[in-house]
Structures are given as structure tokens and as C-alpha cells.
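Worksheet: one structure, shown below.
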Number of protein chains: 2
Amino acid sequence: MKSNPAIDDIDKRILKELQVDALLSHAELAERVGSSPASCWRRVKALEHAGILGPAVRLLDAGKIDLGVNVLCNVRMRSHARASIEEFEDFVARRAEIMDCYSMSGDWDYLLRIVAVDVADYEHFLMRILLGHPSVATASSHFALSQTKYSTRLPV
Amino acid sequence: MKSNPAIDDIDKRILKELQVDALLSHAELAERVGSSPASCWRRVKALEHAGILGPAVRLLDAGKIDLGVNVLCNVRMRSHARASIEEFEDFVARRAEIMDCYSMSGDWDYLLRIVAVDVADYEHFLMRILLGHPSVATASSHFALSQTKYSTRLPV
DNA sequence: CATGAAAGCCATGGTAA
DNA sequence: TTACCATGGCTTTCATG
């Protein structure tokens, strides 16, 4: 499964623009990608329908709402039984402070990114919530000193 | 510097809603947070002006545009001279395949998340681009088997 | 068959009270 | 906060290459 059914150059430009500004009108979008509003509208619909073009979201400045602490946390599971895995991934999905989670190759099973207001807040999450989970054997936390880059803009 | 000047409950609800759907009209938004459209409009403007409410972006399905490979990469710098740091962070900002970058405490200086189309694509990035950078001493790459969770929705 | 132009309806943003 | 109005975008239709 390589390339998708018919993503041409104009589609790519649409994706590029919409990744940067989801509030663009179809008229402006058409102008920027060199097409007409109606055509743009149809293409956007098709891209949405194909699941390529996802939701429009508003990004917040984490620091400004007192969530300045990013912690990267490696997790090792107690068991790799299917039930354990599912239970843990459900848990991850439900916890709002867990922003991202990757199932990893290598020494650790998962890598989590957690946002917290301060170190004490994270300590509470780690001790009472994460390590309290029955599927979790051990965890190793690494604090980010700063978020040098954070992008939602995929290279199309 | 704890809480921000006057973020009340309605503001929080606005932030919550807009994080999930940036395309909400002020009328719908007002209904959901229990306020009037005009008031919502002013609040949104204020939150934008304060830098709390950031850009509206459209999220793409990385897998659907052949960027299914996520790599987490630890980087150690050759030197911590200011010039080295700045040069590296500029480089990070410019490279589109580097999605996120955290300056870390602990053994490594940075943690990068890179998207790639496949392993060969990543290998090229690692060998020719990242390790080719004069500020980089060494790097350790870890492949994500899957992206279990990816959220842009901060808990307000 | 997809595109581009045109047009009407409707909802929205912004203002005034 | 509510009510209003004008603006502009969305969506469909139609003709064209």
C-alpha cells in the first residue's frame, strides 16, 4: 500500500494550506492553490471522506495555562497478554494528561508524553496513577527542559 | 506566576470546545458553553490576544499520506556552546520531518520525533542529515511500532 | 468526467441599543 | 446581554473543455 488514490499537486497544496490555517475560506483557499472555490470544495470533501483530512482543532499555549511541564516517560509492562495491553491502552486514552503514547521497539514497551503543572503534580500522577496501574511494571521519567519545537504540520 | 488574569469557567469551556472543533460558529459555541454569541466572540478575541488561544490547524492522518513511521531519537551534542545550540535549534525548526523536539534533562540533550515514509527514508535522514550536522555528536533511534495516542487537547 | 463560472440562499460576524 | 442588519461564504446548478 503505497500512494493513495489520486492525490495530485493541488490536493497537496490544499493539505499544506489547511494544516497551517483551518479557518481559510474556500475562496481564499482556491486563490492560494490556484483553483476555483467549487473545485476546492469538492476536493476538500473528498479528502475528508478518504480520512486524509482530519479534524480542525485549535492549539493552546500550554505554558499560558500552567501546563508548562512536559515529561517523557518510558513504561515497561508487567505482561504482554492481550488483556493487559488493552487495559493499559484504554487507560492511556482516558487520561487527559497523557498527550501522546507510542508503542516502542527496544527496551521499553511504551513512550508517553505527559503534561503537568509542576514537578509535584507529575509526581502525583506517576506514583498514584501510572505506577498504580496493574499492567505497569516500571517506568522511567525524563523531564523536558523546554519544548524546542512542536509541530502538527506533516510534510506532504 | 500561577494562574492567568481572569480565566473563568466559561473561558475554560470555550478552550475545551475549540480544542476539539475549531470550526464551531460563535452561535454554537455560545450554546455549548452557556453564553451569548457576542460575549463568546469577545472572550475568544481576548484569549487570542493573550496568546492562550493559538492557531486553528487541520490535522492529517499520517498513515494515509505515507508517513507511517515515527522515530524517537535521542541526540547528544558535541558542545554546549551557545552558538552550537542555536545552530542546532534553527536546523530543527527548518526540517519538516522533525515534528517535535524537547531539550532534555538527563543523559541526552534532545529528544526528537521524526516522521518518515519507511525505514530507508529514516536511515537517509539519520545518516545524511542529522548525523551530518556539525553540532551533533551522537544519536540513538527508537522506532515506534504504533502511535497509540496522539492528542492536541490539553486538559484545561 | 472534472473543471470553472454564476447565483441564491443562508448563516455569520459585528454593531448598536 | 439581546436584537438587528449587512456582509460574505457555502452550496448547487449549468455550461464548457
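This is a predicted model, so every value here is computed, not measured. Hydrogens, waters and symmetry mates play no part in the numbers below; they use all other heavy atoms, side chains included. The chains referred to below are lettered A, B, ... by the order of the sequence lines, with proteins before strands, and numbering in each begins at 1.
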Exercise. Going by heavy atoms closer than 4.0 Å, what residues in residues 29-40 of chain A are next to DNA chain C?
Worked result: S35(A), S36(A), A38(A), S39(A)

Problem set entry | Which residues share a side chain to side chain donor-acceptor pair (under 3.5 Å) with H49(A), sequence neighbours left out |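 Listed in chain order: nothing, the list is empty.
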
Exercise. Do the charged groups of R43(A) and D8(A) touch, with an N to O distance under 4.0 Å?
Worked result: yes

For this session: Mind jotting down which residue pairs meet the ring pair (Phe, Tyr, Trp, His ring centres under 6.0 Å) criterion with at least one end in residues 126-153 of chain A? Sequence neighbours excluded, please.
Result: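 Non-adjacent pairs meeting ring pair (Phe, Tyr, Trp, His ring centres under 6.0 Å): F88(A)-H133(A), F91(A)-H133(A), Y122(A)-F143(A).
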
Exercise. Got a sec, which pairs hit side chain to side chain donor-acceptor pair (under 3.5 Å) with one end in residues 18-30 of chain A, sequence neighbours left out?
Worked result: E28(A)-R32(A)

For this session: List for me each residue that meets salt bridge (Lys or Arg N to Asp or Glu O under 4.0 Å) alongside D100(A), sequence neighbours excluded, and say none if there are none.
Result: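 Expected list: R113(A).
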
Problem set entry | Under 4.0 Å protein heavy-atom contacts per nucleotide of nucleotides 4-10 of chain D, with B for base, S for backbone only and - for none | ------S

Remaining members of the apolar cluster that contains [X], side-chain heavy atoms under 4.5 Å:
X: W108(A); result: none
X: V20(A); result: none
X: W41(B); result: none

Seminar exercise, completed: Between CZ of R42(A) and P of dT13(D) the distance, given in whole Å, is 12 Å

Exercise. Can you pull the salt bridge (Lys or Arg N to Asp or Glu O under 4.0 Å) pairs that have at least one residue in residues 140-152 of chain B, sequence neighbours excluded?
Worked result: none

Problem set entry | salt bridge (Lys or Arg N to Asp or Glu O under 4.0 Å) contacts touching residues 49-58 of chain B (sequence neighbours left out) | E48(A)-R58(B)

Seminar exercise, completed: Rounded to 10°, the angle between the first-five-pair and last-five-pair axes of the helix from dC1(C)-dG17(D) to dA17(C)-dT1(D) is 30°

Exercise. Can you check whether R43(A) has a side-chain N or O nearer than 4.0 Å to OP1 or OP2 of dT3(C)?
Worked result: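 Checking R43(A) against dT3(C): at least one side-chain N or O falls below 4.0 Å of OP1 or OP2.
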
